[in-house]
Structure formats: structure tokens, C-alpha cells
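Everything on this sheet refers to the single structure shown next.
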Amino acid sequence: MTRRLPTSDPGRKRVLDKALAKNTSLPPAEKPLTPATEARLALFQPLFKAAMLARGAALSGQAGATAPEDASFVLGKMHISHFIQGFDNGIKRGTFVREHRAMYQLPVGSDALPRLITEAEVTEWAGNLHDGDLLRIADGGAPMSNPTIAEVDLATADFIAKSGAQSGKVTAYDNAQHAVELMRPEADAIIKKIYDESETFYNEEEPASMRRKCRLMGIVYVSDIKITFHLSVKDSVTHIGIPEPQAELVETGAIKTLSATGTGDVQSTLSAEEATFEFTHPDYVTLQTTVVLTDGVLEYTVEVEMVHV
């Protein structure tokens with residue numbers, strides 16, 4: 001049976017949290033950590049915890065801004081397309097002048113719609129239609145309807161505003177993620193101290209007793225015996241499986257993308273009293289659940305429901 005250092009941020013946080021809580025609860029003579037490591041842990045753990053919480057909040061904010069921005073993008077693109085098609089239909093009826101297409105930066109000899117795939121293209125053509133219609137009306141052209149240029153302006157302005165908000169959320173998450181990344185070297189150094197000092201402190205006890213006490217300090221042990229976890233992730237409202245959520249076994253850092261129906265099996269050689277799973281999906285609030293492990297039991301069913309953002 002061997003120990004395993006955490007490789008994920010939730011795994012790092014788990015060790016730091018458990019070690020601080022357990023070491024603090026013990027009388028001075030029974031503390032496995034040296035005073036220097038205890039002080040280092042007490043200073044760092046709240047900072048790492050705060051950084052993780054900030055990153056989670058930023059990710060939630062980013063996810064919450066993405067759906068409205070996507071819907072607004074589709075609506076803005078639709079208004080631009082319908083405006084141009086309506087103008088072209090007016091040309092065929094003789095209501096509008098074909099040469100006026102040039103005022104919108106559209107080719108005069110073609111009825112082809114411009115490419116409207118990226119956010120930059122939609123923003124560019126929103127400006128072209130707005131400026132072009134001012135020129136066309138000033139040149140004596142009849143106003144457009146269904147949609148009017150005012151309706152196009154309103155739809156595209158809404159998209160541009162939501163795009164800016166979503167971009168700000170993305171930047172906030174990137175900054176929060178970077179802050180956590182910068183803290184990983186110190187987290188790993190402290191965790192190695194926790195592992196080394198705990199095992200040294202209890203090294204005169206029987207191996208099973210030593211591992212039991214070290215687990216209370218957050219140390220993870222693995223063996224050759226495989227445990228299988230049958231996972232199922234559903235929407236909390238519809239109770240239907242969520243497509244392709246990610247499941248991380250926090251203690252080992254193992255990550256698996258589940259199926260289109262939100263199900264899948266995870267196997268592990270984890271040797272512990274409990275297993276913690278963290279479930280993530282771009283459209284849902286991150287969820288953690290803990291499974292209590294029983295000696296001799298090699299299969300567990302884990303069913304959770306996630307809340308839509």
C-alpha cells in the first residue's frame with residue numbers, strides 16, 4: 001500500500017483542510033506537524049481556500065453569462081439577416097434601389113448574405129447596416145420595416161452589451177484560475193511536509209494504525225484492490241441524465257467524462273474511509289458528494305442531481 005499526493009486543486013484543498021482541522025484539534029504533544037509546518041499551514045490554508053472559492057464563483061458567473069449572450073447573438077444575427085433579405089425582396093418589388101446595397105457594404109451584383117459566424121462579423125455588419133441606412137434614407141430611400149433599422153440596432157446593441165459582460169466574466173475567471181495556479185507550488189510543498197511529518201510521527205505504530213491516523217491528516221493511500229463506482233448525474237428539475245458531465249475523484253485527482261446520459265463507471269485503488277466526487281458541467285453548479293467506504297465492499301452506486309445555472 002502506497003501513499004498518493006494530490007494532483008488536482010480540489011485534492012490539494014482537501015488535504016490542507018483536513019490536516020489543519022485535525023492538527024489544530026490535538027494537544028501540543030500529540031500534533032504530528034512541527035511548529036514551523038503548523039504555522040505555514042495555518043497561514044496558507046485560508047488563502048488557498050479563498051482562492052478556490054473565488055475561482056468557483058468566477059466560473060459560475062462565466063457560465064451564467066454565457067447562455068444569455070448566446071441567445072442574444074442568435075437574435076442579433078437573425079435581425080441582420082432578415083433586414084438584408086427584406087431589403088432584397090423590396091428590390092425585387094421595385095420598392096428599393098439595387099445600387100443602394102453598396103451603402104450597406106453589400107455587393108450590388110449579388111443577393112448573397114454576408115458571413116455571420118463570429119461575434120466580430122455580427123458586430124461589423126450591425127454597424128454597416130446602421131451607417132448604411134442613415135445614408136440611404138438621406139438619399140431619399142424609403143424606410144425599411146419588419147425589421148426596421150431601429151429593431152436591428154436594438155437587437156445587436158443587446159448582443160454587444162451581453163458579449164461585453166460575458167467577456168468580462170471570462171477574464172475574471174482566467175484571473176481567478178491564474179491566482180490558484182500561482183499557489184500550487186506552495187500547496188504541494190506544504191502537503192509533502194504534512195505527508196512526511198505525519199508518517200514520521202506515527203512510524204512506530206503498526207502499519208494499519210499508522211495509515212488510519214495519517215488518513216485523518218488528509219493522506220491518501222492506494223492498494224492493488226480495485227473499487228468500482230457506478231456514477232449517475234441528473235438534472236435536479238427534469239431528473240433526466242445530464243450529457244457528458246465531468247466526475248473527479250478528489251482524493252486521487254482522477255477525472256472522467258461521463259456518457260451522453262450522465263452515467264459511467266470509475267475504478268480506483270483508493271484505500272480510505274471515504275471517497276469524494278466533484279461533478280462539473282458548464283451549465284450546472286459544481287457539486288461534491290462523499291461516499292463512505294466499507295472494508296470488503298468493492299462496488300458503490302453514486303447518484304446525484306445537479307442544479308442548472
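In this text the structure is predicted, and so the values were computed from the model without any measurement.
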Practice item. Check Asp133, Thr148, Asn146 against Phe83 for a side-chain contact (heavy atoms from CB on, under 4.5 Å) and give me the one that passes. Key: Asp133
Check your understanding: Salt bridge check: are Arg101 and Asp88 linked by an N-O gap of less than 4.0 Å?
Key -> yes
**Study point:** Any donor-acceptor N/O pair, Ser8 side chain to Gly11 backbone, under 3.5 Å
**Key:** yes
Exercise for review: Apply side-chain contact (heavy atoms from CB on, under 4.5 Å) to Ile160 and list each qualifying residue two or more places apart in sequence or on a separate chain.
Suggested key: Thr123
Point to revise | Verdict with reasoning, Asp9 to Arg184, per salt bridge (charged side-chain N to carboxylate O under 4.0 Å, His left out) | key: CA-CA 8 Å; Asp9 294 325; Arg184 286 174 187 163; 2.8 Å; yes
**Study point:** Pairs meeting criterion salt bridge (charged side-chain N to carboxylate O under 4.0 Å, His left out) with involvement of residues 247-261, two or more places apart
**Key:** Arg14-Glu251
**Study point:** Test side-chain contact (heavy atoms from CB on, under 4.5 Å) applied to Pro245 and Leu231, Leu287, Val233, the passing residue
**Key:** Val233
Practice item. State whether a side-chain donor-acceptor pair under 3.5 Å links Tyr104 with Arg136. Key: yes
Review point. So Phe229 and Tyr300, would you call those rings parallel, tilted or perpendicular, with 30° and 60° as cut-offs?
Key: parallel
Exercise for review: May I ask you to decide if Met217's main-chain N or O and Lys22's side chain share a donor-acceptor pair within less than 3.5 Å?
Suggested key: no
Practice item. Consider only side-chain N and O atoms of Asn23 and Glu38, and report whether a donor and an acceptor are under 3.5 Å apart. Key: yes
Check your understanding: Less than 4.5 Å apart, any side-chain heavy atom of His308 and any of Val237?
Key -> no
Point to revise | Closest approach of Leu26 to Glu30 (non-hydrogen atoms, all atoms of both residues) | key: CD1-O, 3.3 Å
Practice item. Keeping the roles fixed (side chain from Ser259, backbone from Thr261), state whether a donor-acceptor pair exists under 3.5 Å. Key: yes
Exercise for review: Give the intermediate values and the outcome of salt bridge (charged side-chain N to carboxylate O under 4.0 Å, His left out) for residues Lys192 and Asp188.
Suggested key: CA-CA 6 Å; Lys192 188 173 186 305; Asp188 290 342; over 6 Å; no
Check your understanding: Distance from Gln246 atom CD to Leu258 atom CG, nearest 0.5 Å?
Key -> 8.5 Å
Review point. To which residues is Leu59 joined in a hydrophobic cluster, defined by side-chain heavy-atom contacts under 4.5 Å among Ile, Leu, Val, Met, Phe, Trp and Tyr, whether direct or through other members?
Key: Tyr173
Check your understanding: Does one side chain, of Arg215 or Ser271, offer a donor that lies under 3.5 Å from an acceptor on the other?
Key -> yes
**Study point:** Residues Lys162, Asp158: salt bridge by 4.0 Å N-O rule
**Key:** yes
Review point. Is there a donor in the side chain of Glu244 and an acceptor in the side chain of Thr257, or the other way round, less than 3.5 Å apart?
Key: no
**Study point:** Intermediate values then yes/no, salt bridge (charged side-chain N to carboxylate O under 4.0 Å, His left out), Lys234 and Glu303
**Key:** CA-CA 8 Å; Lys234 297 180 180 180; Glu303 297 179 343; 5.9 Å; no
**Study point:** Backbone of Phe159 reached by a side-chain donor or acceptor of Ser163 within 3.5 Å
**Key:** no
Exercise for review: Starting from Leu135, walk the hydrophobic network (Ile, Leu, Val, Met, Phe, Trp, Tyr; side-chain heavy atoms closer than 4.5 Å) and list everyone else you reach, by chain and number.
Suggested key: Met103
Review point. Regarding Glu305 and His239, is there a side-chain donor-to-acceptor distance under 3.5 Å anywhere?
Key: yes
Check your understanding: So, does Ser81 use its side chain to make a donor-acceptor pair with the main chain of Met78 at under 3.5 Å?
Key -> no
**Study point:** Backbone N/O of Ala275 and side chain of Thr290: donor-acceptor pair under 3.5 Å
**Key:** no
Exercise for review: Fit a plane to each ring of His281 and Tyr284, take the angle between them on a 0 to 90° scale, and name the class: parallel (under 30°), tilted (30 to 60°) or perpendicular (over 60°).
Suggested key: perpendicular
**Study point:** Check: Thr276 and Gln288 side chains under 4.5 Å, non-hydrogen atoms
**Key:** yes
Check your understanding: Quick one: do the Glu299 and His230 side chains pair a donor with an acceptor below 3.5 Å?
Key -> yes
Review point. Got a donor-acceptor contact below 3.5 angstrom from the Ser72 side chain to the Pro68 backbone?
Key: no
**Study point:** Ion pair Arg3/Glu199, N-O distance below 4.0 Å
**Key:** yes
Point to revise | Greater than 12 external heavy atoms within 6.0 Å of Lys77's NZ | key: yes
Practice item. Please tell me if the side chains of Ile227 and Gln267 come closer than 4.5 Å, counting only heavy atoms from C-beta onward. Key: no
Check your understanding: Can Asp111 and Arg98 be counted as an ion pair, charged N to O under 4.0 angstrom?
Key -> yes
Review point. Any idea which heavy atoms bring Tyr202 and Cys214 closest together, and the distance?
Key: CD1-SG, 3.9 Å
Review point. Would you find a donor on one side and an acceptor on the other, under 3.5 Å apart, between the side chain of Asp139 and the backbone of Gly141?
Key: no
Point to revise | Side-chain heavy atoms of His79 within contact of His82, under 4.5 Å | key: no
Point to revise | Partners passing side-chain contact (heavy atoms from CB on, under 4.5 Å) against Lys193 (at least two apart in sequence or in another chain) | key: Thr37, Arg40, Glu197
Check your understanding: Going by the salt bridge (charged side-chain N to carboxylate O under 4.0 Å, His left out) test, which pairs reach into residues 262-289, not counting sequence neighbours?
Key -> none
